[in-house]
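Worksheet for the structure shown next.
In each ligand, atom 1 is the first atom listed, and ligand 1 is the first ligand listed. We use all heavy atoms of the structure for the numbers below, so side chains are in, but hydrogens, waters and symmetry mates are not.
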Amino acid sequence: MRHRDPVLMGPGPCNPYPEVIEAYGRPVLGHLDPDFIELMDEVGDRLRTVFQTENKLTFAVSATGSAGMEAAFVNFVGPGDTVVIGVNGVFGGRMCDVAARCGAEVVRVDAPWGTPIDPQALLDAHPAPKLIAVVHAETSTGIRNDLEMLGANKGDALLLADCVTSLGGIDLRIDEWGVDIAYSGTQKCLGVPPGLAPLTVSDRALAQLRDTPQSWYLDLNMIAKYVTGGGARAYHHTAPISSLYGIHAGLGVLLDEGLEASFARHQACGDALQAGLVERGFELFAAEGNRLPQLTSVWVPDEKLPDGMTEADVRRSLLFDYGIEIGGGLGDLAGKGWRIGLMGHTARMRNVHLLLAALDDVLV
Ligand SMILES: *Cc1c(COP(=O)(O)O)cnc(C)c1O
């Protein structure tokens, strides 16, 4: 494979912050070294600030965002539990699969892709669910789903939120909004390579932790006892040292910039990209009012494609001729549209201008 250094504007990994790349190169300490344990504790503190929570059980699961999803479900949902899940894209669908494998009775509330889920429809779907789950930022469509109204009206249910694409990119207030369980990933708006899943759990949810979840690796019991003071820190698995250096550095960059400044930067870049696309005759896919700045989904007009080129050919040209990676569409957008990320370090005005200029070159 030849070495390439693309501008990653696809919805998958984003370009890491330079400080993060440097952190990955640091000498590897032992996973029980006191200095490494101190760094892990600092990662927990930084995650609490970024999640805007006081939750004691806040740490980075050693695996990607999907493992965060599994950990969030398997520890709180078991056979026969009723779980209401909002689905308006790929990741809501994945949550239904995970919950079903835990043996849950899944009550699925669908909304058309590209539109937000009506929180009242989720609240009305079942009189007494164990848990209500929703994706805060649907990366498959570029839609933001409301959490605040769910948190305020959830009653006895636990509120679970997929925050893989929202954390660090748009406002997310775990405590104020009443979110009980939330997970994220490193490679979206945190500007860190893939490999860890930040997770936070409220005390209210912790009181309902299952004794023997149907997973050994993702069982939160050992770490929960440690954080609540009922047990000593114990060896569980060998932590991915370099990945933890990476998230520590990435969260440091984010907190130095400031959460509000990061949200504003994502918003300004998303606004500029979306305006530039509309100006060029593209139609945005996600409904106005709930559009994410960090993920833009668009229909690609046929008349803009050069003769004999498909949208996939245009993406190949962007990648190989310009070094810009954007994402293909999913669902109705497959083969007909794109998903363009502006996440973490990738959310820069220079990347917006680079992409728009490249599109002016390639398209009709
Ligand atoms: C990327 C993503 C995931 C999956 O994360 P992985 O790190 O790919 O396992 C889950 N939910 C959403 C909303 C995502 O964008």
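Judged as a salt bridge (charged side-chain N to carboxylate O under 4.0 Å, His left out), and not counting sequence neighbours, the contacts of R315 are E311. By the salt bridge (charged side-chain N to carboxylate O under 4.0 Å, His left out) test, D171 is found to be paired with R173, residues two or more places apart in sequence or in another chain being considered.
Ligand 1 lies under 4.0 Å from heavy atoms of T64, G65, S66, F91, R94, V135, A137, T139, D162, V164, T165, Q187, K188.
Cluster partners of M343, using a side-chain heavy-atom cutoff of under 4.5 Å among ILVMFWY residues and allowing indirect links, are I170, L292, L295.
Distance alone, capped at 3.5 Å, is enough to place a donor-acceptor pair between the K304 side chain and the R280 backbone.
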Inset, instruction - Would you please test F73 and L160 for side chain to side chain contact (heavy atoms under 4.5 Å, CB included) and show each step? - result: CA-CA 9 Å; F73 278 95; L160 187 162; 3.9 Å; yes
Inset, instruction - Dump the intermediate steps for side chain to side chain donor-acceptor pair (under 3.5 Å) on D175 and T53, then the final yes or no. - result: CA-CA 5 Å; D175 289 359; T53 184; 2.5 Å; yes
